[in-house]
K.L.:
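The structure's right below; bear with me while I get my questions together.
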Amino acid sequence: MSTEPISAADDPAFRAWLRVLSDELDTDLADYLDSPEVLGFLWATFTRNGATPAARFAPLLCTHRRVLADRTVAALLAQVRRDTGRALDVPVFCEPPSGREPTGRLAVGNERVRGVDPVDISVETAEGVQCFLADRDHLVWPLCPDHGVAPHATRTPAGAAWFCSVTSHVVGLLPS
């Protein structure tokens, strides 16, 4: 008989809980288990709270996503200030879970943030910051130093990054 603690990957109760949450919250949480950050968040929540019902887990997930989005917005706005000398703000809206939005509603500027994984949240948050600054402040930021065009936030094997489509290259990594 092994005395090693059971891991999330092998724990049938954890897997069953994820299936229940996924059904009730209309999002497949098992899709994110390849992300060490998401697996860590889910496993820690499970080990602290047991198989907590979806109605009690959803606010925890909403807060988790909000914290990551706030952190990314702050880092991006600090970079905007360094790059442009302008101190700008971008609103982050968070509505708690409801019957209509079972995992809550999170938006950066006018862009929805639906991700669970920090990389996805970083990409979606960067899109929200970029679009909001362009719409409200007529600021095209950031710019590819080689081509002078705005790169797009995307997921790469290295993580979240600004990607220039002119010659398909990474301009820089995004905070995540």
K.L.:
Is there side-chain contact between S35 and F41, with at least one heavy-atom pair below 4.5 Å?
P.N.:
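They are not in side-chain contact.
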K.L.:
Looking at CH2 of W141 and CD of Q130, how far apart are the two atoms once the value is rounded to the nearest 0.5 Å?
P.N.:
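Those atoms lie 7.5 Å apart.
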K.L.:
Is there a side-chain contact between V38 and P118, using heavy atoms and a 4.5 Å cut-off?
P.N.:
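Side-chain contact under 4.5 Å: yes.
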K.L.:
When you group the ILVMFWY residues by side-chain heavy-atom contacts below 4.5 Å and let the links chain together, are W43 and Y32 in the same group?
P.N.:
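Cluster IDs for Y32 and W43 match.
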K.L.:
For residues C94 and R66, report the shortest heavy-atom separation together with the two atoms involved.
P.N.:
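Result for this residue pair: CB-NH1, 3.2 Å.
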K.L.:
Any idea which heavy atoms bring G104 and R65 closest together, and the distance?
P.N.:
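Shortest heavy-atom contact: O-NH1, 4.2 Å.
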K.L.:
Is any side-chain heavy atom of F57 closer than 4.5 Å to a side-chain heavy atom of V20?
P.N.:
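No; the side chains remain at least 4.5 Å from each other.
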K.L.:
Could you tell me whether R15 and D11 make a salt bridge, using a distance below 4.0 angstrom between a side-chain N and a carboxylate O?
P.N.:
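Judged by the 4.0 Å cut-off on N to carboxylate O distance, R15 and D11 do not form a salt bridge.
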K.L.:
Just how far is it from atom NE2 of H64 to atom CD1 of I121, taken to the nearest 0.5 Å?
P.N.:
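Reported value, rounded in 0.5 Å steps: 5.0 Å.
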K.L.:
Distance check, rounded to the nearest 0.5 Å: S98 atom OG versus R100 atom CZ?
P.N.:
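S98 OG to R100 CZ: 7.5 Å, rounded to 0.5 Å.
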K.L.:
In terms of side-chain heavy atoms, does T167 have a donor or acceptor partner in H169 at a distance below 3.5 Å?
P.N.:
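Per modelled atom types, T167 and H169 side chains form a pair under 3.5 Å.
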K.L.:
Do the side chains of P59 and P97 get nearer than 4.5 Å, heavy atoms only?
P.N.:
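In short, these two side chains touch, coming nearer than 4.5 Å.
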K.L.:
Does D135 CG have over 12 foreign heavy atoms under 6.0 Å away?
P.N.:
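Atom CG in D135 is packed in, count exceeds 12.
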K.L.:
Where is the tightest heavy-atom contact between L42 and L18, given as atom of each residue plus distance?
P.N.:
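That would be CD1-CD2, 4.0 Å.
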K.L.:
Answer yes or no: is there a donor N or O on one side and an acceptor on the other, between the side chain of E124 and the main chain of G115, under 3.5 Å?
P.N.:
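The answer is yes, because a donor-acceptor pair under 3.5 Å joins these two groups.
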K.L.:
So, using side chain to side chain donor-acceptor pair (under 3.5 Å) as the criterion, who are the partners of E95 when residues are at least two apart?
P.N.:
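None.
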K.L.:
Could you grab the distance from atom CG of L174 to atom CD of Q79, nearest 0.5 Å is fine?
P.N.:
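Spacing of CG (L174) from CD (Q79) equals 8.0 Å.
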K.L.:
Quick one, P145 and V171 - any side-chain contact, counting heavy atoms below 4.5 Å?
P.N.:
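Yes, their side chains come closer than 4.5 Å.
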K.L.:
Is it the case that more than 12 heavy atoms not belonging to R112 sit under 6.0 Å from its CZ atom?
P.N.:
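Counting neighbours around CZ of R112, more than 12 heavy atoms of other residues, nucleotides or ligands fall under 6.0 Å, so yes.
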K.L.:
Indicate yes or no for a side-chain donor-acceptor contact from S165 to the backbone of S168 under 3.5 Å, with no hydrogens or angles considered.
P.N.:
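Judged by distance alone, no pair lies under 3.5 Å.
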K.L.:
Measure from the side-chain N and O atoms of D120 to the backbone N and O of V116, and report whether any donor-acceptor pair falls under 3.5 Å.
P.N.:
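Not confirmed, D120 side chain does not pair with V116 backbone.
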K.L.:
Working to the nearest 0.5 Å, report the span between CG of D70 and CG of L106.
P.N.:
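Between atom CG of D70 and atom CG of L106 there are 8.0 Å.
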K.L.:
Measure the spacing between CZ of R105 and CZ of R114 and express it to the nearest 0.5 Å.
P.N.:
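Between R105 CZ and R114 CZ, I get 8.0 Å after rounding to 0.5 Å.
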K.L.:
Search all heavy atoms of T125 against all heavy atoms of V108 and return the closest pair with its distance.
P.N.:
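Scanning both residues completely, I find the closest heavy atoms to be O-CG1, 3.8 Å.
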K.L.:
Could you check R136 against L88 for side chain to side chain contact (heavy atoms under 4.5 Å, CB included), going step by step and ending with a plain yes or no?
P.N.:
CA-CA 10 Å; R136 185 193 66 192; L88 300 169; 4.2 Å; yes
